[in-house]
Amino acid sequence: MNIGIFTDTYYPQVSGVATSIKVLRNQLERAGHQVYIFTTTDPHVDKNIYERNIFRFTSIPFVSFTDRRIAVRGLFKAYQVAKDLGLDIVHTQTEFSMGMIGKFVAKQLKIPCIHTYHTMYEDYLHYIANGKLLKPYHVKEATRAYCYHLNGVVAPSHRVSNTLKGYGVKAPVRIIPTGIDINQYEQTPDGDYREKLGYAPETPVLLSLSRLAYEKNIHEVIAALPKVIEQVPTVQLCIVGDGPARETLENQVKDAGLSEHVQFTGEIDNDEVYNYYQMADLFVSASNSESQGLTYIEAMAAGLKTVVASSPYTDQLLDDPSLGTTFSSERTLVQDVIRYLQHPHAFDDPKPRQKKLYQISAEYFGKQVINYYQDVQLAYSETNKSANISD
C-alpha cells in the first residue's frame, strides 16, 4: 500500500503523537508498505536537508501551544503530491490543519480516510483564554464534525473509544493501543547515567518523564515528596522534560525547600530516554489526561516499576504488583512509593511483564493497524460497488 500520514506534529517536535507516528511508520515500512508523511514546517528542521518521504507545508505556531504548528497553506499542493504518489489510503493524526487537508485529499482521490484520535481535548481547554472561551460542548461538536464521513477511527484506549461514542461519533471505532520498540528500552545503558546525574549507586531515584505541562499534574508528585522523604530520607526525584509548567514547578520545589531532593534535566534526546528509565528505581506519574500513557509502557519495557494515577486504562495495564500499581489519593501515592522503594524486590516476577511485552510491542501495533487498513479498504470498496449498482 501507499499510505499518506497527515499530521500537524512530527519530529523533531517532542510529543506522544510524534512518537506514535514514528513507530507506526517504521512498522509499516518493515512490512513492505510505502509511507509518506505530510506535515508542517519546523524552525528546527534545515530546509536544505532532504527528508525521505516527508512533505512539509508552510506553518505558524498554534494558538496557546506555541511549540506546536499549524499549516497555513498547501491544500492543492498536498492533493497534487498525493495524486502523483498514488496513495491508497489516508491516515490523519491531528484534527486541525493537516488533518483537514488529509480529509480533503482522500475525498478528491476517492480513497478511504481513517483517523487516530490521540488527544483528550477537554483536558486542555485551560490553555485557551484560561478555559473561558471553549467548553466541553465545543469539543464534542468539533470532534463529531471532524469524524463525520471518516471511514474509520483508531482509539488508543477504551477511554478514548468511550469518549468518542459519548460524543456521538458514528464512524467505526477500533481500539488499537500504540506500541513501542521493546528492544530500544531493553538495550544496555549508554554509560552511567546515575553518575552523570550525581546520584550514588544506592540512592533511591523516582523518575518523572513527560512534557512539563500543567495537565500532567507533576505538582502533585512534588507536593507528596516531603511525606516520602520522612520515610526514605535519601530519595531523589528526577524530572525529565520541558514545557510551559517548568518555571511553576521549579518555584514550587524552591518554595517547599526541596531543591536538594529534586533535579530538572530539561528536554532530552529521544534516543537517550531508555537510559533514564534504566537509571531510576521507580516511575511516578499523577497525570489523568492520558489517552494512552506511552511513558508507562516505555517504563515497563525497560523493566521499571511504575506508580501512576488510577484510570480504567492504567488499572488494566498495571494488573500485577510486579509491574507497578495505581493510586487514587496523595495518601495512597505516598504509601505505594514508599512500599516499592523500601522493598524493591518483593514483587519481582518476570512472567506478567513478559506476557505484556508483546501486547505493547511495535510489531503487534503495526499488525493491528495494517489489518484495520485492509478492513477499511474492503468496506470502502464494497460501499462504492453498492453505490454504483444503485446509480
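All values derive from a computational prediction rather than experimental measurement.
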- Query: Is the side chain of Thr314 donor-acceptor paired with the backbone N or O of Ala309 at a distance under 3.5 Å, no angle test?
  - Reply: yes

- Taking atom types as modelled, find out whether Thr40 and Asp8 have a side-chain donor-acceptor pair closer than 3.5 angstrom. no

- Message: Quick check for you: to the nearest 0.5 Å, what is the distance between Ser311 atom OG and Gln316 atom CD?
- Response: 9.5 Å

- Message: Test your reading of the model: is there a side-chain donor-acceptor pair from Thr332 to the backbone of Ser328, 3.5 Å cut-off?
- Response: yes

- Within the distance-only criterion (no hydrogens, no angle test), does the side chain of Arg353 pair as donor or acceptor with the backbone N or O of Met300 below 3.5 angstrom? yes

- Query: Does the side chain to side chain contact (heavy atoms under 4.5 Å, CB included) test come out yes or no for His118 and Gln93, once each step is laid out?
  - Reply: CA-CA 7 Å; His118 290 279; Gln93 303 278 338; 2.6 Å; yes

- Item | Crowding at OH, Tyr364 (>12 non-hydrogen neighbours, <6.0 Å) | no

- Message: Within a 6.0 Å radius of atom CD on Glu202, are there more than 12 heavy atoms belonging to other residues, nucleotides or ligands?
- Response: yes

- Between Glu250 and Lys254, is a salt bridge (charged side-chain N to carboxylate O under 4.0 Å, His left out) present by the stated rule, with each step listed? CA-CA 6 Å; Glu250 289 178 333; Lys254 183 178 179 181; over 6 Å; no

- Task: Evaluate the ring pair (Phe, Tyr, Trp, His ring centres under 6.0 Å) criterion for residues Tyr117 and Tyr146: first the C-alpha distance (whole Å), next the side-chain angles of each, then the deciding distance (0.1 Å), finally the verdict.
- Result: CA-CA 10 Å; Tyr117 195 83; Tyr146 183 85; 8.5 Å; no

- More than 12 heavy atoms from other groups under 6.0 Å of CD on Glu186: yes

- Task: Mind telling me whether Tyr276 and Tyr193 have parallel, tilted or perpendicular rings, with 30° and 60° as the class edges?
- Result: perpendicular

- Item | Verdict with supporting geometry, Gln377 and Ser381, side chain to side chain contact (heavy atoms under 4.5 Å, CB included) | CA-CA 6 Å; Gln377 284 185 311; Ser381 176; over 6 Å; no

- Item | Side-chain donor/acceptor of Ser20 to backbone N/O of Val17, under 3.5 Å | no

- Once you round to the nearest 0.5 Å, how far does OG of Ser287 lie from CZ of Arg211? 12.0 Å

- Item | Side chains of Ser59 and Thr41, donor plus acceptor under 3.5 Å | yes

- Between the main-chain N or O of Glu267 and the side-chain N or O of Asp242, is there a donor-acceptor pair closer than 3.5 Å? no

- Answer yes or no: is there a donor N or O on one side and an acceptor on the other, between the side chain of Thr39 and the main chain of Thr7, under 3.5 Å? yes

- Task: Would you sort out whether Lys110 and Asn384 count as a side chain to side chain contact (heavy atoms under 4.5 Å, CB included), showing the intermediate values?
- Result: CA-CA 10 Å; Lys110 294 182 173 56; Asn384 283 349; 5.7 Å; no

- Message: Is there a path of hydrophobic side-chain contacts, each under 4.5 Å between heavy atoms of I/L/V/M/F/W/Y residues, joining Ile239 to Leu341?
- Response: yes

- Task: Apply ring pair (Phe, Tyr, Trp, His ring centres under 6.0 Å) to Phe55 and Phe38, showing your working.
- Result: CA-CA 5 Å; Phe55 304 93; Phe38 293 72; 5.4 Å; yes

- Task: Determine, using ring centers only, whether Phe104 and Phe76 are less than 6.0 Å apart.
- Result: yes

- Task: Could you verify whether a donor N or O on one side chain and an acceptor N or O on the other, from Asp84 and Gln80, lie under 3.5 Å apart?
- Result: yes

- Does a donor on one side chain and an acceptor on the other come within less than 3.5 Å for Glu298 and Tyr277? yes

- When you look at Lys22 and Asn270, which way does the side chain to side chain contact (heavy atoms under 4.5 Å, CB included) test go after all the steps? CA-CA 11 Å; Lys22 183 179 180 182; Asn270 188 62; 4.3 Å; yes

